[in-house]
Amino acid sequence: MSGEGYMYRKRDIRELLEIYEGEILTCPSCGSDKLIRDPARGEIICAECGYVVREREIDRGPEWRAFTPEERERRSRVGAPISPLMGDTLTTDIDWRSKDASGRQIDGARRLDIMRLRKWHTRTRVQSSIERNLSQARIELERLAAQLDLPKHVKEQALEIYRRALESGLVRGRSIESVMAAAVYAACRNLRVPRTLDEIAKFTRAGRKDVARCYRLLVREARVKVPLPDASDFVPRIAGALKLRGETVKLAKEILKRARQMGLTAGKDPAGLAAAAIYIAAIKTGDIRTQKDVARAAQVTEVTVRNRYKELVKKLNIELPLNKR
DNA sequence: AAGACGAAAGTGGTTGA
DNA sequence: TCAACAACTTTCGTCTT
């Protein structure tokens, strides 16, 4: 729940072009009047210092995204908005002592009745608390899924993972948002849908750190098994953003395959590796992209692309036209 | 003028005592 | 919990096209 007062990084600011014009004129943190808007998150940020001047407005519901009828149906079952304020605070427990209101001992069949009652009372309450949490979580999931453009099967698995976490009590004490984000990340990893933790955390109030912690918790406690991240899973998406030819994509994947066989990929950022492979492949096939463009598409820095690419060229003995070293 | 390059210092996360 | 450490980022000066 970092919320108010967190900062944007310099790099993120540069990506945001939309100038904000509105009632707020200066940054309360540094006084600058250069305010910009992040359309993706609906926040207003100071271009000078990165201070978040105004946070994202709360979801305005599904209207910013077209959902399939099927999804709408699922969503509609979520029901009316539930206020987080309406928690368990108003419910009563049945006292565990076998006494009545005036303190007299209760016994016999009457006592059994009460025991049964007590059982149901707590059970239905637990049930509904899980349900309630889950419907909040579902809303959060839809929000994340829309922003991250997640396929349906990922959503389903994310929800399943979340449910398991919830049922084993892992959500208590953590925000629904961060646990759900972690569940989404786990589902992505598991199904090899390439989304980085950063991307997911970007659309979550809870910081990246929180999400990462929850994620590790999930892997440890909820037995979510996760295949190792593979750089070639990132290739199609990066290549898509760069509008590269299929031939180039194929070559990039081949380069990564060789790299993996030689054990060059361990411990390296898969997005960086993919970017480097694409950069090389693009040169070899002739539809050249600059390091800068590739880096931006892969969401890493030029330097990382450069380092990885140098390394790949050297260790795999790749020859590049008109280039030495 | 833009792109590529590499050095150097800084950051956030992991690991092991 | 602290320090060492590896990968990555930021920034910047220089070289190349």
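Source: prediction; values computed, not measured. Values reported hereafter were calculated over all heavy atoms of this structure, with side chains retained and with hydrogens, waters and symmetry mates removed.
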Is the closest basic N to carboxylate O distance between [X] and [Y] below 4.0 Å?
{"X": "Glu167(A)", "Y": "Arg164(A)", "answer": "no"}
{"X": "Asp287(A)", "Y": "Lys243(A)", "answer": "no"}
{"X": "Arg308(A)", "Y": "Glu311(A)", "answer": "yes"}

Taking [atom1] from [X] and [atom2] from [N], how many angstroms apart are they, rounded to a whole number?
{"X": "Lys268(A)", "N": "dC8(C)", "atom1": "NZ", "atom2": "C1'", "answer": "12 Å"}
{"X": "Gln299(A)", "N": "dT9(C)", "atom1": "CD", "atom2": "C1'", "answer": "14 Å"}
{"X": "Arg306(A)", "N": "dT16(C)", "atom1": "CZ", "atom2": "P", "answer": "15 Å"}
{"X": "Arg308(A)", "N": "dA6(C)", "atom1": "CZ", "atom2": "P", "answer": "14 Å"}
{"X": "Asp269(A)", "N": "dT14(B)", "atom1": "CG", "atom2": "P", "answer": "13 Å"}
{"X": "Asp198(A)", "N": "dG13(B)", "atom1": "CG", "atom2": "P", "answer": "9 Å"}
{"X": "Lys310(A)", "N": "dG3(B)", "atom1": "NZ", "atom2": "C1'", "answer": "13 Å"}
{"X": "Glu302(A)", "N": "dG6(B)", "atom1": "CD", "atom2": "P", "answer": "13 Å"}

Under 4.0 Å: is that the gap between some side-chain N or O of Arg289(A) and OP1 or OP2 of dG3(B)? no
Kindly say if Arg216(A) contacts the phosphate of dT14(B), meaning a side-chain N or O under 4.0 Å from OP1 or OP2.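 Indeed, a polar side-chain atom of Arg216(A) lies that close.
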I'd like to know if the side chain of Arg260(A) reaches the main chain of Asp230(A), judged simply by a donor and an acceptor atom lying under 3.5 Å from each other, with no hydrogens or angles considered.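 Not a single qualifying donor-acceptor pair exists.
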What nucleotide, of dC5(B), dA4(B), dA7(B), holds the atom closest to the side chain of Tyr309(A)?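 Looking only at heavy atoms from C-beta outward on Tyr309(A), the closest nucleotide is dC5(B).
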Under the salt bridge (Lys or Arg N to Asp or Glu O under 4.0 Å) rule, what do Lys284(A) and Glu254(A) come out as? Steps first, then yes or no, please. CA-CA 13 Å; Lys284(A) 292 205 96 171; Glu254(A) 231 146 82; over 6 Å; no
Polar contact flag, side-chain donor to acceptor under 3.5 angstrom, Asp198(A)-Thr196(A): no
With Leu166(A), which of Asn133(A), Val179(A), Ile161(A) fulfils side chain to side chain contact (heavy atoms under 4.5 Å, CB included)?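 It is Asn133(A); the other options fail the test.
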Stem finding on DNA chain C, please: runs of three or more consecutive Watson-Crick or G-U wobble pairs, both distances under 3.5 Å, sorted by first number. B:1-11 with C:7-17, B:13-17 with C:1-5
So which one's nearest nucleotide on DNA chain B is more toward 5', Lys209(A) or Tyr279(A)?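 Result of the comparison: Tyr279(A).
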